[in-house]
Amino acid sequence: FVESVPLFMLFCVLLLHYGTHAYKRLNRNTGGAQVTDHSHQMVGLALTSMYMVYLYISETSLDVFNCGKVVSETGVSDGKWYMNSEPSEVCYEEGSMQAMLQPWAIITTLVYSLGYPLLIIYLLFKPDHRKLIRQDQLLRACGTGDTPDNNPFCFNFRKRYGRLYYNFKPIYWYWIILTILRKFCIVSAALIFRDNPTFQLCVILLIMFGAYVVQTKYQPWMSNAEKAQVCTDHEEEIKIIEDRINTENKKKVKNYDEIGLGRSAGKRVVLGNKYVSRAATSKRARAAEFFWNYNTCESVLLCCAVVVA
């Protein structure tokens with residue numbers, strides 16, 4: 001049943017897609033490309049939904065292979081292997097529940113546990129996608145890009161794939177892959193080293209500690225407080241993007257200030273390569289920026305995971 005959850009979510013997304021399509025046709029008399037312009041959000045919703053259940057789905061798939069012997073306190077065993085998740089079910093015997101589930105577990109592991117990360121890698125590392133992601137994140141750092149006018153090249157791309165990279169700095173647009181890999185390594189370690197709980201715990205602790213070190217070193221998340229610095233670090237590239245957008249919209253606007261590209265939450269006035277917001281000066285503001293920083297939150301959570309492990 002659990003392995004059918006992604007299929008059920010996909011069915012719900014398709015139902016929502018065609019329901020929205022029918023609503024636009026019947027009630028709003030919409031035609032042309034506007035009828036299907038919501039399909040980009042539907043793709044993003046499907047990818048995000050799978051990401052949310054990835055760890056649980058992978059763990060459930062691998063549980064079928066997680067078998068062990070039952071040994072009494074005196075060291076006596078009947079020589080059979082039993083599922084750790086269902087101790088009453090015998091493993092590796094013809095006709096057993098584990099034997100019947102094993103082919104399906106192999107399929108779901110290949111499709112969900114391995115197929116989903118490979119799909120994300122393909123979507124993010126595709127050469128033309130990499131360029132669009134970088135441009136879109138630079139616009140996001142400038143506090144813009146949420147309309148076709150100020151994001152003519154990446155607007156639909158953002159709606160379709162934006163949830164995969166929108167939290168990260170432009171140079172770390174691939175970080176979600178490392179997050180998925182961390183989850184898969186944890187559930188794999190729980191299976192591979194099931195016969196030695198002490199070593200199993202050490203491996204999981206090593207994975208979490210490695211994730212904490214990498215997170216602390218690179219600080220990949222892009223909080224609001226860090227967006228101005230990102231703009232400063234990529235001034236020349238932002239100026240090139242600005243010129244491209246202005247060329248595309250030359251009949252309407254001439255520079256960032258006219259289309260609101262230089263403002264973000266009323267705090268930062270940027271643009272192109274002349275203006276960047278000032279860092280917080282008061283202790284209270286600096287403390288608020290620190291504790292609400294995504295990198296701080298991620299580091300604290302990983303540190304807690306290391307302590308708990």
**Q** How would you list all residue pairs meeting ring pair (Phe, Tyr, Trp, His ring centres under 6.0 Å) that involve residues 227-246, not counting sequence neighbours?
**A** none
**Q** Is any side-chain heavy atom of L124 closer than 4.5 Å to one of H129?
**A** no
**Q** Which atoms form the tightest heavy-atom contact between C231 and A141, and what is the distance?
**A** SG-O, 3.5 Å
**Q** For a quick test of reading the model, state the closest non-hydrogen atom pair linking G145 to F155 and the distance between them.
**A** O-CD1, 4.0 Å
**Q** Hey, are the side chains of H17 and S39 touching, using non-hydrogen atoms and a 4.5 Å cut-off?
**A** yes
**Q** Identify the heavy atoms of K69 and W81 that sit nearest to each other, and give their distance.
**A** CE-NE1, 3.4 Å
**Q** Below 4.5 Å, heavy atoms only, C-beta onward: do K126 and D128 meet side chain to side chain?
**A** yes
**Q** What verdict does the salt bridge (charged side-chain N to carboxylate O under 4.0 Å, His left out) test give for R140 and D146, after you've listed the backbone C-alpha separation in whole Å, the side-chain angles of each residue and the deciding distance to 0.1 Å?
**A** CA-CA 8 Å; R140 194 187 302 276; D146 52 356; over 6 Å; no
**Q** Where does the angle between the aromatic ring planes of Y172 and Y174 fall among parallel (under 30°), tilted (30 to 60°) and perpendicular (over 60°)?
**A** perpendicular
**Q** Heavy-atom count around R182 CZ within 6.0 Å, excluding the residue itself: above 12?
**A** yes
**Q** Does the side chain of E89 come within less than 4.5 Å of M83's, by heavy atoms?
**A** yes
**Q** Which pair of non-hydrogen atoms, one from S96 and one from E93, has the smallest distance, and what is that distance?
**A** OG-O, 2.7 Å
**Q** Among residues two or more places apart or on two chains, list those pairs meeting salt bridge (Lys or Arg N to Asp or Glu O under 4.0 Å) that have a residue in residues 39-55.
**A** none
**Q** Heavy-atom distance under 4.5 Å between the side chains of I245 and N151, does that happen here?
**A** no
**Q** Examine the side chains of Q229 and D233 and answer whether a donor and an acceptor come within less than 3.5 Å of each other.
**A** yes
**Q** Side chains of Y161 and R158: do they bring a donor and an acceptor to under 3.5 Å?
**A** no
**Q** Can a side-chain donor-acceptor contact be found between Y165 and D136 if the only test is distance below 3.5 angstrom?
**A** yes
**Q** Side chains of R160 and Q41: donor-acceptor distance under 3.5 Å anywhere?
**A** no
**Q** Taking atom CZ as the centre, does F11 end up with more than 12 heavy-atom neighbours from other residues, nucleotides or ligands that are less than 6.0 angstrom away?
**A** no
**Q** Measure from NZ or CZ of K217 to the centre of the six-membered ring of Y212 and say whether it is under 6.0 Å with the direction within 45° of the ring axis.
**A** no
**Q** Regarding N295 and E226, do their side chains bring together a donor and an acceptor under 3.5 Å, going by distance alone?
**A** yes
**Q** Compare every heavy atom of Q215 with every heavy atom of S299, then report the nearest pair and how far apart it is.
**A** OG-CG, 3.5 Å
**Q** Check whether the ring centres of W173 and Y166 lie less than 6.0 Å apart, and answer yes or no.
**A** no
**Q** Take atom CZ of F209 as the centre, draw a 6.0 Å sphere, and report whether it contains more than 12 heavy atoms from other residues, nucleotides or ligands.
**A** no
**Q** May I ask you to test the M9-L14 pair for a side-chain heavy-atom distance under 4.5 Å?
**A** no
**Q** Under 3.5 Å, is there a donor-acceptor pair between the K159 and H38 side chains?
**A** no
**Q** Tell me the closest heavy-atom pair linking G95 and A99, and the distance in Å.
**A** N-CB, 4.4 Å
**Q** Can a cation-pi geometry be assigned to R244 and F153, taking NZ or CZ under 6.0 Å from the six-membered ring centre and within 45° of the ring axis?
**A** yes
**Q** Please list every donor-acceptor pair under 3.5 Å in which a side-chain atom of residues 54-68 meets a protein atom from a residue at least two apart or in another chain.
**A**
| residue | atom | partner | partner atom | Å |
| --- | --- | --- | --- | --- |
| Y54 | OH | S113 | O | 2.6 |
| S58 | OG | Y54 | O | 2.9 |
| S58 | OG | S113 | OG | 3.0 |
| T60 | OG1 | Y56 | O | 2.8 |
| S61 | OG | E3 | OE1 | 3.0 |
| S61 | OG | E3 | OE2 | 3.1 |
| S61 | OG | I57 | O | 3.1 |
| S61 | OG | T108 | OG1 | 3.1 |
| N66 | OD1 | N84 | ND2 | 2.8 |

